[in-house]
Amino acid sequence: MDRLKKRADFLRAARGIRRVEGAITLETCATPPDETAPQKLRIGFTASKKIGNAVARNRAKRRLRAAAHELLPLLGRQGHDYVLVARGTTVARPFAALLSDITSALRSAHRKLDAKAGEG
RNA sequence: UCAGAUGGCCGGGUGACCGCGGGCUUUGCAAGAAGUUCGAGGAAAGUCCGGGCUCCACGGAAAAACGGUGCCGGUUAACGGCCGGCGGGGGCAACCCCAGGGAUAGCGCCACAGAAAUGACACCGCCUACCGGCCCGGUCUUCUCCGGAAGAUUGGCCGCGGCAAGGUUGAAAUGGUGCGGUAAGAGCGCACCGCGUUCCUGGCAACAGGAACGGCUAGGCAAGCCCCACCGGGAGCAAGACCAAAUAGGGACGGCACGUGAUGUUUUUCGCAUCGUCGUCCGGGUCGGUCGCGUGAGGUGUGGGGUAACUCACAUCCCAGAGGAAUGGUCACCACUUGCGCAAGCAAGUACAGAACCCGGCUUACAGGCCAUCUGACGCU
RNA sequence: UGGGGCGUCGCCAAGUGGUAAGGCACUGGAUUUUGAUUCCAGCAUUCGAAGGUUCGAUCCCUUCCGCCCCAG
């Protein structure tokens, strides 16, 4: 599971499928196929200045990272990029609720992806 | 006990499970794996000052301009920081606050009000001692045609003149109070206070105390321009150093083509130079990588010097370091706060805030707690 | 990292030591049968915040808060 680092990767994910669920926003899209490496699951985290000061932003990213570390190996798909965006309530959200938010967002996004693949 | 003042310290603890980053060791061709160890702060923040370090510029440097600092002494690598002292202000006190040089170097400003806002002159006003004029009132004397006239004296008014005491203002009015003095007044004189100059004493100095003299001529603002003294070359780790791909281009040498053409040499002719391709080597340099980068004006302890800031000696310790960026997630118990409750307990919450080249300060934010010293009031002994 | 600028009524803004112009908007009134236009009147109490200098501060100084811009 690799991390997204380049600004261009984040922008491509933002143009893909977006799901808002509870305290998080999930953005996802398929990894571009011109990558030579074998198909991997990649994930990035975003916490903007709207969340608060540096301590609040760091804490939001850490909670998202811990949640993604539990869920994405089970629910994520290889060859896709995922971006988890923290919202104002991410810091105060109970951890179990955060997990269910991400789970339902992932399932909804995957249904949309399958529908797209079926059409195309 | 209550109310305060100052200085310093801490700023959640323990355990379990799952994880993250750096170093080291072992293993492995490598990717990686295992073990072990370390892993945010008092402000890491704001970026307001000062340095280290690196590069650039330069004749050691100095000056102008610009910017900054501003009582005195000390401290320091340096500072606009800190410490001690002085002066001024506040508080019953402990103690706190102060950009606190120069206003006879010059320029500027001082609205409204007020006579006047800096040449103290004009104005209102006070005075009539001196000089002059007018008026008639009173008194006296003389003359008289009994209407009055002249003179003297006293009084009033005006001018010349004297004065800066007083003049509803204002933030501020050219020393203040008292006595004397005068026609009225005035530092005109005297006493005390304030101011200035000189001298003496104490102190390294700022300054303090005292004496004599000056008579007062010096209004405020320099966080207005300015003057004086002192300080500052510029940029910043994206500094800078090294390694170095593909592609394109550059240089040197050699081989092959050497002829038509093109360009340049102001124009024509002649002449000259350049423009091709292949190979080898060299240098610059982009993406990228490595270093800079954690032994330091370092921490802790003891002892010495100093009122203190600080400093010296000895011992001891190694204590984060990055790649867009690790230092976390969850649970249990304890501690604290708030709410509900008679209670047991239940629920919610736990300050401000996240290193990025480093260090010394300053400023700002901060739930709550601890320690020490001191002051005032009350009570007890 | 370094540098520069701004903050004044709900909005746009002038004023830069002496009690804050103007326009739009808003409110009330007049004109009109009604509305628009026009006219009259009103509308700043923390000039982003705190402290200081000054007799007096939106203005000068210091420190904070928020926003914008420039260079790399």
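Just so we're on the same page: letters track the sequence lines, and every chain starts at 1.
Rounded to a whole angstrom, the distance from the C1' atom of B:rG102 to that of B:rA235 is 37 Å. Spacing of P atoms, B:rC192 relative to B:rG214, comes out at 15 Å, to the nearest Å. For the P atoms, the distance linking B:rU375 with B:rG87 amounts to 24 Å, nearest Å. Comparing the C1' positions of B:rU350 and B:rG68 gives an interatomic distance of 46 Å, to the nearest angstrom. B:rC291 and B:rA351 have their P atoms separated by 39 Å, with the value rounded to a whole Å. Separation of the C1' atoms belonging to B:rU76 and B:rA65 is 32 Å when rounded to the nearest angstrom. Only the P atoms considered, B:rG324 is 13 Å distant from B:rG22, to the nearest whole Å. Here, B:rC83 and B:rG301 have their C1' atoms 25 Å apart, quoted to the whole Å.
C:rU54 is unpaired under the criterion used here, namely a Watson-Crick or G-U wobble arrangement in which both key atom distances are under 3.5 Å. The base-pairing partner of B:rU14, taking Watson-Crick or G-U wobble contacts with both distances under 3.5 Å, is B:rA332. Applying the Watson-Crick and G-U wobble criteria (two distances, each under 3.5 Å), B:rC226 pairs with B:rG102. Remark: B:rU268 base-pairs with no nucleotide; criterion is Watson-Crick or G-U wobble with both hydrogen-bond distances under 3.5 Å. Pairing for B:rG28 is absent, judged as Watson-Crick or G-U wobble with the two contacts each under 3.5 Å. Of the nucleotides present, B:rG369 is the one that pairs with B:rC9 by Watson-Crick or G-U wobble criteria, both distances under 3.5 Å. Shown here, B:rU217 forms no base pair; nothing in the strands shown gives a Watson-Crick or G-U wobble contact with both key distances under 3.5 Å. For B:rA149, the paired nucleotide is B:rU142, the pair qualifying as Watson-Crick or G-U wobble because both relevant distances are below 3.5 Å.
Between B:rU330 and A:R63, a contact under 4.0 Å exists linking OP1 or OP2 to a side-chain N or O. The phosphate of B:rU327 (OP1 or OP2) has a side-chain N or O of A:R65 nearer than 4.0 angstrom.
Taking the nucleotide of RNA chain B with the nearest heavy atom to each of A:R93 and A:K61, the more 5' of the two is matched to A:K61.
Judged by distance alone, with hydrogens and angles left aside, A:R62 brings a side-chain donor or acceptor within reach of the base of B:rG354, the pair sitting under 3.5 Å.
Of all heavy-atom pairs between A:R107 and A:L75, the closest is NH2-CD2, 4.4 Å.
Comparing B:rG19, B:rA40, B:rG329 against the side chain of A:N58 picks out B:rA40 as the nearest.
In this entry the distance linking CG of A:L71 with P of B:rG19 reads 15 Å, nearest Å. Separating the CZ atom of A:R57 from the P atom of B:rG328 is a distance of 17 Å, rounded to the nearest angstrom. In this structure, A:E70 atom CD and B:rC20 atom C1' are separated by 15 Å, rounded to whole Å. Per the geometry, CG belonging to A:L99 stands 10 Å off P belonging to B:rU330, to the nearest Å. Rounded to whole angstrom, the span from the CZ atom of A:F95 across to the C1' atom of B:rG328 amounts to 10 Å. Whole-Å rounding puts the A:F45 CZ to B:rG329 P distance at 13 Å. Atom-to-atom, CG of A:L64 to P of B:rG329 comes out at 12 Å; the value is rounded to the nearest Å. Atom NE2 in A:H69 sits roughly 11 Å away from atom C1' in B:rG328 (whole-Å rounding).
In B:rC319 the base sits syn relative to the sugar, since the glycosidic angle is no further than 90° from 0. Base orientation of B:rG101: anti, since the glycosidic angle falls outside 90° of 0. Using a 90° window around 0 for the glycosidic torsion, B:rG119 falls inside it and is classed as syn. Against the 90° criterion about 0, the sugar-base torsion of B:rA149 places it in the anti range. A syn orientation is assigned to B:rG147, its glycosidic angle lying within 90° of 0.
In summary, of the residues considered (A:I102, A:T90, A:T28), a side chain to side chain contact (heavy atoms under 4.5 Å, CB included) with A:L84 occurs for A:I102 alone.
Legend: residues meeting side-chain hydrogen bond (donor to acceptor under 3.5 Å, both in side chains) with A:S104, ordered by chain and number and at least two apart, are absent. Under the side-chain hydrogen bond (donor to acceptor under 3.5 Å, both in side chains) criterion, A:R57 pairs with no residue at all, not counting sequence neighbours.
Under the 4.5 Å side-chain heavy-atom criterion for Ile, Leu, Val, Met, Phe, Trp and Tyr, A:V55 and A:F45 are members of distinct hydrophobic clusters. Under the 4.5 Å side-chain contact rule for hydrophobic residues, A:I43 and A:V20 do not share a cluster.
Between the A:Y82 side chain and the A:R77 main chain, a donor and an acceptor come within less than 3.5 Å of each other. Side-chain atoms of A:R63 come within 3.5 Å of backbone N or O of A:R93 as a donor-acceptor pair.
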